[in-house]
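What follows is a short report on a single structure.
Labels below follow one simple rule: chain letters A, B, ... track the order of the sequence lines, proteins then strands, and each chain is numbered from 1. Computed from heavy atoms alone, side chains included, the values below leave out hydrogens, waters and symmetry copies.
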Amino acid sequence: MPELPEVETIARGLAKRVTGDVIEDVWLGEKPEPLKSPAKEIAAALEGKKIEAVRREGKHIVFELVDGRAPEAHAMGRAGIGAARAGTPAPTSKRPLRTGANTTKSSIERAQWVVHLGMTGRLQVCDPSDEVAKHTHAIVRLASGRELRFVDPRRFGRLSVVTSGDFDAGGVEPLDVDLERFVELFRGRKVFIKSALLNQKLLRGVGNIYADESLFRAGIRPRRRAASLTREELMKLHRAIKDVLREAIKAGGSSISDYVDANGEEGFFQLRHRVYGRESEPCPKCKTPIKRVVLGGRSSHYCPKCQR
DNA sequence: ACTATTTCCTGGATGC
DNA sequence: TGCATCCAGGAAATAG
């Protein structure tokens with residue numbers, strides 16, 4: 001299940017492969033679509049756009065799109081001529097701060113395509129001749145001749161577009177948040193700290209795996225009430241979250257279930273999970289068997305001796 | 001304003 | 001072997 005490190009890995013992989021490419025057209029599956037925005041709106045916002053950047057925000061993948069017919073003012077090399085060839089490593093341009101210029105055209109000039117992979121979603125760069133996988137819900141045809149396909153068996157994934165303003169996933173980025181902001185997030189909260197870590201409106205991007213791993217590293221039980229944590233414990237947790245996420249990103253994420261990155265490569269951070277999915281295995285620190293409890297419908301793994 | 005619970009969805013694992 | 005049942009879980013919706 002893609003959480004922050006997996007989504008980061010995927011977004012980076014996609015950025016390498018499709019930045020500078022132009023979306024020619026979009027096919028969206030019928031039926032109960034996993035779409036947050038209406039299909040027509042998505043297609044209209046995407047078609048004719050150039051992919052200027054791909055980035056991650058929380059667990060969302062955000063494609064920054066600009067009008068592909070009218071190259072923006074920034075000197076972006078030779079962007080004007082039709083289809084960018086595959087692998088044009090356009091310099092990762094800074095986030096566009098709202099294009100103030102030329103806003104007189106009737107069509108949308110700038111948009112963000114936002115993809116949430118849910119549990120089992122995948123975004124694959126394919127050759128048109130590749131067999132279309134079961135549960136393919138969207139196919140984006142690119143000017144380079146390739147296709148970007150959204151496949152999601154369990155349909156928890158979501159596609160949407162933002163055509164005015166900037167997408168905001170809510171919450172703060174765990175990798176950026178400073179200690180004071182972090183401490184403030186949990187003040188007065190009666191929920192289990194584990195549940196608070198999963199709340200995307202507080203901290204965005206942490207999911208079940210990394211919540212458990214962070215709490216283990218910080219020596220805190222998942223069932224502790226968020227507000228009961230001492231400042232010292234919060235410092236440890238703040239540190240632990242950043243460490244575990246960074247290490248996981250370095251390892252290419254955790255391949256559990258069917259996660260693979262944009263190139264179909266598996267991550268291997270799951271090998272370094274210390275508690276997640278290790279019920280009754282010995283704690284790596286003290287050998288006490290790892291326990292599993294269910295909190296808010298989520299399984300939570302911890303060492304009863306190391307975590308208080 | 002919060003918190004807790006239910007719902008969505010399918011493939012894989014388990015059990016009889 | 002085959003069928004039914006359970007389980008995983010992110011986030012939105014609903015209820016308290």
Side-chain angles (χ1 to χ4, degrees), chain A residues 1-11 28-38 56-62 114-123 132-138 150-160 162 167-174 184-215 222-229 241 245 248 253-260 266 269-270 273 275-280 290-302:
Chain A
M1 52 239 59
E3 301 181 26
L4 187 151
E6 292 76 33
V7 178
E8 178 69 29
T9 303
I10 292 165
L28 296 165
E30 335 76 33
K31 308 294 160 48
E33 296 136 312
L35 307 178
K36 266 168 95 177
S37 316
R56 175 196 62 77
E57 187 165 325
K59 295 176 195 170
H60 301 262
I61 297 169
V62 182
V114 182
V115 179
H116 192 295
L117 298 172
M119 293 276 299
T120 53
R122 280 160 19 222
L123 272 174
V132 175
K134 201 178 170 185
H135 305 300
T136 296
H137 306 302
F150 176 65
V151 183
D152 182 18
R154 229 167 286 184
R155 289 173 170 269
F156 274 20
R158 292 291 178 265
L159 305 182
S160 60
V162 175
F167 172 70
D168 180 7
V172 296
E173 274 293 329
E184 198 54 43
L185 294 177
F186 305 106
R187 181 153 298 160
R189 301 220 171 242
K190 292 177 187 157
V191 286
F192 300 130
I193 183 62
K194 167 67 183 281
S195 304
L197 291 178
L198 295 180
N199 183 346
Q200 304 296 297
K201 293 281 172 273
L202 299 177
L203 212 54
R204 65 189 186 211
V206 176
N208 209 32
I209 296 174
Y210 298 103
D212 280 4
E213 293 297 311
S214 300
L215 287 169
R223 226 197 280 269
R224 286 279 300 283
R225 299 287 166 176
S228 79
L229 300 197
I241 290 170
L245 293 176
S254 303
S255 280
I256 286 208
S257 147
D258 45 11
Y259 161 76
V260 286
E266 296 195 347
F269 193 71
Q270 67 279 8
H273 291 174
V275 289
Y276 182 84
R278 298 196 184 280
E279 182 181 10
S280 68
I290 298 301
K291 287 191 80 167
R292 186 180 83 95
V293 292
V294 176
L295 303 181
R298 301 286 168 271
S299 56
S300 304
H301 312 74
Y302 69 99

Test item: [X] and [Y] side chains (from C-beta on) under 4.5 Å apart, heavy atoms:
X	Y	result
A:L4	A:Y210	no
A:K194	A:N208	yes
A:E8	A:E6	no
A:K59	A:L117	no
A:L123	A:F150	yes

### Query
Which atom pair, heavy atoms only, marks the closest approach of A:Y276 to A:E213?
N-OE2, 2.8 Å
### Query
Are A:D212 and A:H301 close enough that a side-chain donor and a side-chain acceptor fall under 3.5 Å?
yes
Rounded to the nearest angstrom, tell me the gap between atom [atom1] in [X] and atom [atom2] in [N].
X	N	atom1	atom2	answer
A:L117	B:dC8	CG	C1'	17 Å
A:N199	C:dG9	CG	C1'	15 Å
A:D212	C:dA8	CG	P	13 Å
A:R122	B:dT10	CZ	C1'	13 Å
A:L197	C:dG9	CG	C1'	16 Å
A:H137	B:dC8	NE2	P	17 Å
A:R292	C:dC7	CZ	C1'	9 Å
A:F156	C:dA8	CZ	P	13 Å

### Query
Looking across every strand, which nucleic acid part, if any, lies under 4.0 Å from A:S299 by heavy atom: base, sugar-phosphate, or nothing?
sugar-phosphate
### Message
Classify A:R225 by what it touches in the nucleic acid, base, sugar-phosphate, or nothing, heavy-atom distance under 4.0 Å.
### Response
sugar-phosphate
Can you give me the N/O atom pairs linking the protein to nucleotides 11-14 of chain C at distances under 3.5 Å, or say none if there are none?
{"unit_1": "C:dA11", "atom_1": "OP1", "unit_2": "A:H116", "atom_2": "NE2", "d": "2.6"}
{"unit_1": "C:dA11", "atom_1": "OP2", "unit_2": "A:K59", "atom_2": "NZ", "d": "3.2"}
{"unit_1": "C:dA11", "atom_1": "OP2", "unit_2": "A:Q200", "atom_2": "NE2", "d": "3.3"}
{"unit_1": "C:dA11", "atom_1": "N6", "unit_2": "A:R298", "atom_2": "NH2", "d": "3.2"}

### Message
Could you check whether A:E57 pairs with A:R204 (Lys NZ or Arg NE/NH1/NH2 to Asp/Glu carboxylate O, under 4.0 Å)?
### Response
yes
### Query
A:E279 side chain to A:G277 main-chain N or O, any donor-acceptor pair under 3.5 Å?
no
Please produce a list of atom pairs where a protein N or O lies less than 3.5 Å from an N or O of nucleotides 11-15 of chain B.
{"unit_1": "B:dG11", "atom_1": "OP1", "unit_2": "A:H135", "atom_2": "NE2", "d": "2.8"}

### Summary
Against the side chain of A:K190, the closest entry in B:dT3, C:dG10, C:dG9 is B:dT3
### Summary
Per nearest nucleotide of DNA chain B, the residue lying toward the 5' end, A:G188 or A:G296, is A:G188
### Query
Does C:dG9 have OP1 or OP2 sitting under 4.0 Å from an N or O in the side chain of A:Y276?
yes
